[in-house]
Chemist: 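Here you go, one structure.
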There are 2 protein chains.
Amino acid sequence: MSEAEEFLKVARAARDAATVLAPMPRAPKDAALRAVADALEAATDEIVAANAADVDRARENGTSEAMIDRLRLDAGRIATIAAAVRQVADLPDPVGEVVRGGTLPNGLELRQVRVPLGVIGIIYEGRPNVTVDAAALCLKSGNGVLLRGSSSAYSSNTALVRVMQQALAATEVPADAVQLVPGRTRESVKHLMRARGLVDVLIPRGGASLINSVVEESTVPVIETGVGNCHVYVDADADVDTALKILVNAKAQRPSVCNAAETLLVHSAIADEFVPKALTALKDAGVTVHGDERVRAYGADVVAATEEDFTTEYLSLDIAAAVVDSLDDAVAHIRTYGSAHTDAIVTRSQQAARRFVATVDSAAVAVNASTRFTDGGEFGFGAEIGISTQKLHARGPMGLPELTSTKWIYTGEGHIRG
Amino acid sequence: MSEAEEFLKVARAARDAATVLAPMPRAPKDAALRAVADALEAATDEIVAANAADVDRARENGTSEAMIDRLRLDAGRIATIAAAVRQVADLPDPVGEVVRGGTLPNGLELRQVRVPLGVIGIIYEGRPNVTVDAAALCLKSGNGVLLRGSSSAYSSNTALVRVMQQALAATEVPADAVQLVPGRTRESVKHLMRARGLVDVLIPRGGASLINSVVEESTVPVIETGVGNCHVYVDADADVDTALKILVNAKAQRPSVCNAAETLLVHSAIADEFVPKALTALKDAGVTVHGDERVRAYGADVVAATEEDFTTEYLSLDIAAAVVDSLDDAVAHIRTYGSAHTDAIVTRSQQAARRFVATVDSAAVAVNASTRFTDGGEFGFGAEIGISTQKLHARGPMGLPELTSTKWIYTGEGHIRG
């Protein structure tokens, strides 16, 4: 069987399974998730052995130890993955929720009810825990899932999916609802991107180049996630200590994530006081500052920023910095260079906060708070499949309800239109 | 200037205008809509003259009188169009609505608020009233709009957009927020479909071939609308009189619209009683029945149905018909041949209704009611931009809230993550 035929086989199997899964109530889905969690722990040795093959191959290929650490699974990590699945089982089921409803003037009873999307394709890099996390969230929300992880984790992902399918086979949830996209070539991703009609939505999780290539090539609708060029704007009216605390937290508390800050903008009226203190605080936190000319005037350590610095998601202890002459200039900068993920203002001015919130067109806007709070866990969602930076369907952290569509149901007693 | 350059000019102008329009509260938007309504009535002569050019050209091209009637504008129709704009002004503004919100355990105040999508592209056929309707709905929801109507209505649409822009120029809403896509060639549609980054969403309104070509070719996210291959399923437990009433209404009350029924499915247990009566009732309503072999056994007038009949959106006084052996077979037929718009069951059985509702995967499911109720007006939306048959973002009739996205806003007092 060719890779294309193999893909069609698993995609159709996922679609058929999703049809069975969609109307299923919460109890059997939760029971299936708990069975998956138990099975993953019971299969620890098998999973670790499969993972070892990926780790060995990565090492042969000269992969950095940091990347190998992301790839590695051990008993402790598998227990953590299983615990996360049990947490998803504990979350409320979004399916069946009545979103709107009422009785129309003619007596028709109308309800808009959450239903699963159908089959969700997830394309992701790095950590094999995503394989299980994403499968659990899709199953809980009644969806079939086609998983396409990094080829570097193919053995691990194959083992994880096999264990999940075996566990599901003993439950009411069809085992075929969880599928690994066969093959580790670039071509296998393309099958997924062109499976319009079989796959209802694709969610790419990873860096900008992965996401852009999926957006460009996919005929399946895509939800863009996770590229975060987040800004901290320090307004003329900012409390300096608050601004320093937020800046350092947003940049340095966990620089590798999408809600970390990548650019600092400072109002010129406060620059003399704030920028020198900011440069010291950032230096103490190990951060390299890439500044425009006006920022460089305040410190010898500041690297000259190019235009590219302002568009870059560093994901490292680097930050771009510029001085702006007004709040509106800051907003214009964010619109030009940002990724519409999360942008923060630090200010004591109610008017400035109001204008910034109204005019920054991003998934999240933070006022006197670190950008790091844009997160499904922090927002109380209990779980997160990614952070959407697009405007259609879902925007910002996506929890279980964002993995559903809706259906209108109306009930009459022979109602006809006049 | 080339057509491509002209397109970029108007698209950028719409984008800049949308930035100004997005944070605008309700009052100035409503005032602008009322000014547009007044201006359209005041410019009746100018609009009718422009329309006459389209009508003359259509007649030269041998267009049918029915199509010419759809194209024609007169003082009465312009008054109706203006009244519809005033109705949109009377509707609540979705922008600013707090969808979810609360205070997080750490004291952060979190709100999810409706915001405009940005710039919406509308591609449509036929009636020039859509030009004004769509513009009014987009403006009310804070969006810029790029209108691409039928080339046969180009003179009419040019006049309508000119009058709207002139009216807006005297209001707080930027006149550039409403734009006609320049040019009447197929190429001009392509500019719109490839304007990712300038246009946030495309809504094609029209027949299946228009919608499919937009879905295939567009890099801008698309909301599919309006193709309706709607089914009426008459269950074993149906009340026959109720079923006849619903069938005739769904098929014949207004056959040219997307929520009209195109296929009748009858449970074999009730076929002997129901099908002969249905054939008579449909014949009396002037409907031609295209039946499978089992339906043809009941009537000499029944045309033999091909597989294509079951996929066809007739939009005429024709209906496909088949006998099925179970509710599940009916659902399978609907999944195979339907367009996931609206499907109805007629039954007295609570269990059958429940199963049909749970397993039919369509935007709307009707129980003992005509499919014709799937409509923004009937649902109480006050206005409708189209009926989405896709699962992402919006499903079923789309009113003003469906023309918005959301933004998360969180406010703290120096909150940082630990």
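Chain identifiers are assigned alphabetically (A, B, ...) following the order of the sequence lines, protein sequences preceding nucleic acid strands; residue numbering begins at 1 within each chain.
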Chemist: Counting heavy-atom pairs under 4.5 Å with chain B, which one of A/T342, A/D375, A/I246, A/V346 comes out on top?
Modeler: A/I246
Chemist: If you count heavy-atom pairs under 4.5 Å between each of B/T242, B/L110, B/T219 and chain A, which one has the most?
Modeler: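 Sorted descending by pairs with chain A, the first entry is B/L110.
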Chemist: In terms of heavy-atom proximity below 4.5 Å to chain A, should B/T374 be classed as side chain, backbone, both, or neither?
Modeler: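 Contact with chain A is through both the backbone and side chain of B/T374.
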Chemist: Relative to each other, are the rings of A/H333 and A/Y337 parallel, tilted or perpendicular (30° and 60° limits)?
Modeler: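 Plane angle between 30° and 60°, so tilted.
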Chemist: What option among A/D241, A/V113, A/V248, A/V357 has the most heavy-atom pairs under 4.5 Å with chain B?
Modeler: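 Highest number of heavy-atom pairs under 4.5 Å: A/V357.
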Chemist: Taking side chain as everything from C-beta outward and backbone as N, CA, C, O, which of these in B/L104 sits under 4.5 Å from a heavy atom of chain A? Side chain, backbone, both or neither.
Modeler: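 For B/L104, the side chain is the part near chain A, not the backbone.
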Chemist: Between B/D343 and B/C230 (side chain of the first, backbone of the second, donor and acceptor by atom type, cut-off under 3.5 Å), is there such a pair?
Modeler: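 Such a contact is absent between B/D343 side chain and B/C230 backbone.
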Chemist: So which of A/D200, A/V20, A/V115 has the biggest tally of heavy-atom pairs under 4.5 Å with chain B?
Modeler: A/D200
Chemist: Flag the one option from B/G412, B/S370, B/A358 with the top tally of heavy-atom pairs under 4.5 Å to chain A.
Modeler: B/G412
Chemist: Give a yes or no answer on whether the side chain of A/S405 reaches the backbone of A/L117 with a donor-acceptor pair at less than 3.5 Å.
Modeler: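 Not confirmed, A/S405 side chain does not pair with A/L117 backbone.
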Chemist: Give the member of B/I345, B/V365, B/T411 that has the highest number of heavy-atom pairs under 4.5 Å with chain A.
Modeler: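 Most heavy-atom pairs within the cutoff with chain A belong to B/V365.
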Chemist: So, are B/K245 and B/D239 salt-bridged, with charged N and O less than 4.0 Å apart?
Modeler: no
Chemist: For the interface with chain B, which of A/R254, A/R335, A/E216 has the highest count of heavy-atom pairs at distances below 4.5 Å?
Modeler: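 Looking at each of A/R254, A/R335, A/E216 in turn, A/R335 comes out on top.
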Chemist: Against chain B, label A/R100 side chain, backbone, both or neither, depending on which of its atoms sit under 4.5 Å from a heavy atom there.
Modeler: side chain
Chemist: Using atom types as modelled and distance alone, determine if a side-chain donor or acceptor of A/R15 lies under 3.5 Å from a backbone N or O of A/L198.
Modeler: yes
Chemist: Given heavy-atom pairs under 4.5 angstrom as the criterion, report whether the side chain, backbone, both or neither of B/E224 touches chain A.
Modeler: side chain
Chemist: Measure distances from A/I223 to the heavy atoms of chain B and classify the residue's part below 4.5 Å as side chain, backbone, both or neither.
Modeler: side chain
Chemist: Please check: side-chain N/O of B/T404 versus main-chain N/O of B/L400, any donor-acceptor pairing under 3.5 Å?
Modeler: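 Checked: no pair found.
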Chemist: Taking only Lys NZ, Arg NE, NH1 and NH2, and the carboxylate oxygens of Asp or Glu, determine whether A/R114 and A/D93 approach each other closer than 4.0 Å.
Modeler: no
Chemist: Using non-hydrogen atoms and a 4.5 Å limit, figure out which bit of A/I409 sits close to chain B: side chain, backbone, both or neither.
Modeler: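 For A/I409, heavy atoms of backbone and side chain both lie under 4.5 Å from chain B.
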Chemist: Only pairs of heavy atoms separated by less than 4.5 Å count here; which of B/S218, B/A369, B/P105, B/A250 has the most with chain A?
Modeler: B/A369
Chemist: Against chain A, label B/Q253 side chain, backbone, both or neither, depending on which of its atoms sit under 4.5 Å from a heavy atom there.
Modeler: side chain
Chemist: Is the backbone N or O of A/C138 less than 3.5 Å from a side-chain atom of A/S141, with the two atoms forming a donor-acceptor pair by type?
Modeler: yes
Chemist: Looking at B/R372, B/R196, B/E402, which one has more heavy-atom pairs under 4.5 Å with chain A than the rest?
Modeler: B/R372
Chemist: Determine whether B/M398 and B/I203 make a side-chain contact, defined as any pair of heavy atoms from C-beta on separated by less than 4.5 Å.
Modeler: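 When only atoms from C-beta onward are counted, B/I203 and B/M398 do touch, with a gap below 4.5 Å.
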Chemist: Heavy-atom pairs under 4.5 Å with chain A are the metric here; pick the option from B/L108, B/T359, B/V222 that has the most.
Modeler: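 That would be B/L108.
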Chemist: Return the minimal non-hydrogen interatomic distance between B/T336 and B/A332, and the atom names on each side.
Modeler: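 Heavy atoms of B/T336 and B/A332 come nearest at OG1-O, 2.8 Å.
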Chemist: Please classify the contact of B/R355 with chain A as side chain, backbone, both or neither, using a heavy-atom distance under 4.5 Å.
Modeler: neither
Chemist: Tell me, out of A/T371, A/I416, A/V360, who's got the most heavy-atom pairs with chain B below 4.5 Å.
Modeler: A/I416
Chemist: Do A/N249 side-chain atoms and B/R417 backbone N/O form a donor-acceptor pair below 3.5 Å?
Modeler: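 Looks like yes, one N/O pair under 3.5 Å.
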Chemist: Give, as side chain, backbone, both or neither, the part of B/A22 having an atom under 4.5 angstrom from any heavy atom of chain A.
Modeler: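 When you check distances to chain A, no heavy atom of B/A22 falls under 4.5 Å.
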Chemist: Sub-3.5 Å donor-acceptor pair from the side chain of B/N143 to the main-chain atoms of B/G118, do we have one?
Modeler: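 Side chain of B/N143 to backbone of B/G118: a pair is present.
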